[in-house]
Peer 1: 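Structure below; questions to follow.
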Amino acid sequence: MERARRPWLVLIVLCLGTFAILLDSTIVNVALPSVITDLHASLDQALWVVNAYLLVFAALLIFASRLGDMFGPRRLFTAGLALFAVASALCGAAQSPGQLTAARVLQGVGAAALTPQAMVIIQAVFPRDRMGAAFGVFSSMVGLAAVSGPTLGGVLTTYLSWRWVFYVNLPIAAAGIALAYAYVPDIRTSRRPRLDLGGVLFATAGLSAVVYGVIEGQRYSWSTVKYGITIPEIIGAGIVLLAGFMAWERRHREPLVPLGLFRSRTFAIMVLLNVSVHFASQRLLLVNSV
């Protein structure tokens, strides 16, 4: 098949789309002082411009991965990129902190829909002997997006406006969508997996609680948030829900996350390293922005 002979071109398209959503996790930090001034936002409101995106993005990843299995990874990739572009335009046009935060939530939904699909497509189009090199290139792009975000955000905010840290996503998304339909294969499997609503609820609620606790912990001095509920209790509840998720998945015939993968030492170490790197980079960028 012609498309299978051009896997590196497919990889470029996937990198382009993923670059846009990863860039947006860092580029906004530099623009926060301008957002506070222009929209008369409080510091808490400005921080939620960053945190709302990260929270929704993290919470919906597992759910979006299963949707990709059900409807096709290319369809979810392009739909997520299109939603991300629309949300970026709404972010740029926001006239209040509330509007901007709501648009950032929508951006997070689009980013979550897009992100898991790239891995699936890479595994489908690359032969096993080149898959390591493909994932290496893809991981390098992740690092490039993290490094480029603050620099590009500073240039756009200084010479144009903070709104352009969002508008810059529009041409990238448009190119990614057009190239995806032209070059990325429409991968489908013969079986149609079920949604596993119980697993989705456990995973989404657990991830939301843990990520919220980590994001808001410093703000509340790792103490009481509201109604006597503390940050450690929120994180603990999230961990309990994630433990429930693993127990549920162990008994489910079509698990969202096959737990057997973690028997591979290489896979487990890579997951742990990725979590550590992303957590450290996001906290460092947030501290520097404040």
Peer 1: Under 3.5 Å, sequence neighbours excluded: what are the donor-acceptor pairs made by side chains of residues 111-121?
Peer 2:
| unit_1 | atom_1 | unit_2 | atom_2 | d |
| --- | --- | --- | --- | --- |
| Thr115 | OG1 | Ala111 | O | 2.7 |
| Gln117 | NE2 | Ala64 | O | 3.1 |
| Gln117 | NE2 | Ala113 | O | 3.0 |

Peer 1: In Å, rounded to the nearest 0.5 Å, how long is the span from CD1 of Ile177 to CZ of Phe77?
Peer 2: 9.0 Å
Peer 1: Roughly how far, to the nearest 0.5 Å, is the CG atom of Leu179 from the CG atom of Leu9?
Peer 2: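 The CG atom of Leu9 sits 7.5 Å away from the CG atom of Leu179.
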Peer 1: Applying the 4.5 Å side-chain criterion to the ILVMFWY set and letting contacts propagate, would Leu207 and Ile239 be lumped into a single cluster?
Peer 2: yes
Peer 1: Rounded to the nearest 0.5 Å, how far does CD of Gln99 lie from CG of Leu90?
Peer 2: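 Separation between the atoms: 9.0 Å.
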Peer 1: For residues Ser88 and Gln107, is any side-chain donor paired with an opposing acceptor at under 3.5 Å?
Peer 2: yes
Peer 1: Could you tell me whether the side chain of Arg74 and the main chain of Val184 form a donor-acceptor pair under 3.5 Å?
Peer 2: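 It does hold such a pair.
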Peer 1: Kindly write out the residues that satisfy side-chain hydrogen bond (donor to acceptor under 3.5 Å, both in side chains) with Trp248, not counting sequence neighbours, or none if the list is empty.
Peer 2: Asp196
Peer 1: OG1/Thr151 to CD1/Ile27 distance, rounded to the nearest 0.5 angstrom?
Peer 2: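 Result: 9.5 Å between the selected atoms.
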Peer 1: Once you round to the nearest 0.5 Å, how far does CG of Leu61 lie from OG of Ser65?
Peer 2: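 The distance works out to 8.5 Å.
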Peer 1: Of all residues at least two apart in sequence or in a different chain, which pass the ring pair (Phe, Tyr, Trp, His ring centres under 6.0 Å) check with Phe166?
Peer 2: none
Peer 1: If we only count heavy atoms from C-beta on, is the Leu39 to Trp162 side-chain gap below 4.5 Å?
Peer 2: yes
Peer 1: Just grab all the side chain to side chain donor-acceptor pair (under 3.5 Å) pairs involving residues 199-215, residues at least two apart or on different chains.
Peer 2: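 Applying side chain to side chain donor-acceptor pair (under 3.5 Å) to every pair that reaches into residues 199-215, excluding sequence neighbours, yields nothing.
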Peer 1: Can you sort out the partners of Tyr181 under ring pair (Phe, Tyr, Trp, His ring centres under 6.0 Å), two or more places apart, ordered by chain and number?
Peer 2: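 Partners of Tyr181 by the ring pair (Phe, Tyr, Trp, His ring centres under 6.0 Å) criterion come out as none, since no residue qualifies.
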Peer 1: Can you check whether Leu11 reaches Cys15 side chain to side chain, under 4.5 Å on heavy atoms?
Peer 2: yes
Peer 1: Check Leu14 against Thr18 and note the closest heavy-atom contact, atom names and distance.
Peer 2: O-OG1, 2.8 Å
Peer 1: Gln45 and Leu100: side-chain contact (heavy atoms from CB on, under 4.5 Å), yes or no, with the steps?
Peer 2: CA-CA 10 Å; Gln45 289 173 323; Leu100 182 54; over 6 Å; no
Peer 1: Below 6.0 angstrom between ring centroids: does that apply to Trp8 and Phe126?
Peer 2: yes
Peer 1: If I compare all heavy atoms of Leu160 with all of Trp164, which pair ends up nearest, and what's the gap?
Peer 2: CB-CD1, 3.7 Å
Peer 1: Distance from Asn169 atom CG to Leu23 atom CG, nearest 0.5 Å?
Peer 2: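 Spacing of CG (Asn169) from CG (Leu23) equals 6.5 Å.
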Peer 1: Minimum heavy-atom separation for Leu83 and Gly110, please, with both atom names.
Peer 2: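 Minimum heavy-atom contact is CD2-N, 3.7 Å.
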Peer 1: Is there a chain of hydrophobic side chains (I, L, V, M, F, W, Y, each step under 4.5 Å between heavy atoms) that links Ile12 to Leu81?
Peer 2: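 The answer is no; the residues belong to distinct hydrophobic clusters.
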Peer 1: Can you tell whether the side chains of Asp38 and Arg163 come within less than 4.0 Å, N to carboxylate O?
Peer 2: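 Here Asp38 pairs with Arg163 in a salt bridge, since their nearest N and O are under 4.0 Å apart.
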Peer 1: Show the numbers, then the answer: is there a side-chain contact (heavy atoms from CB on, under 4.5 Å) between Leu32 and Val50?
Peer 2: CA-CA 9 Å; Leu32 285 183; Val50 177; 3.8 Å; yes
Peer 1: Restricting to non-hydrogen atoms, name the atom on Thr157 and the atom on Ser34 that form the minimum distance, rounded to 0.1 Å.
Peer 2: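 What the structure gives for the nearest pair is CG2-OG, 3.2 Å.
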Peer 1: Of all heavy-atom pairs between Thr101 and Trp48, which one has the smallest distance, and what is that distance?
Peer 2: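 Closest heavy-atom pair between Thr101 and Trp48: CG2-O, 4.0 Å.
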Peer 1: Apply side-chain contact (heavy atoms from CB on, under 4.5 Å) to the pair Phe57 and Ile21, showing each step before the final yes or no.
Peer 2: CA-CA 10 Å; Phe57 183 20; Ile21 63 100; 3.8 Å; yes
Peer 1: Given the rule that I, L, V, M, F, W and Y join up when any side-chain heavy atoms are under 4.5 Å apart, are Leu76 and Met70 in one cluster?
Peer 2: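 Leu76 and Met70: one cluster.
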Peer 1: For Phe84, which residues count as a ring pair (Phe, Tyr, Trp, His ring centres under 6.0 Å) partner, sequence neighbours excluded?
Peer 2: none
Peer 1: Could you pull out the closest heavy-atom pair between Pro185 and Val10, with the gap in Å?
Peer 2: CD-CG2, 4.0 Å
Peer 1: Let me see the working for Trp222 and Ile235 under side-chain contact (heavy atoms from CB on, under 4.5 Å), right down to the final yes or no.
Peer 2: CA-CA 10 Å; Trp222 303 96; Ile235 295 176; 4.0 Å; yes
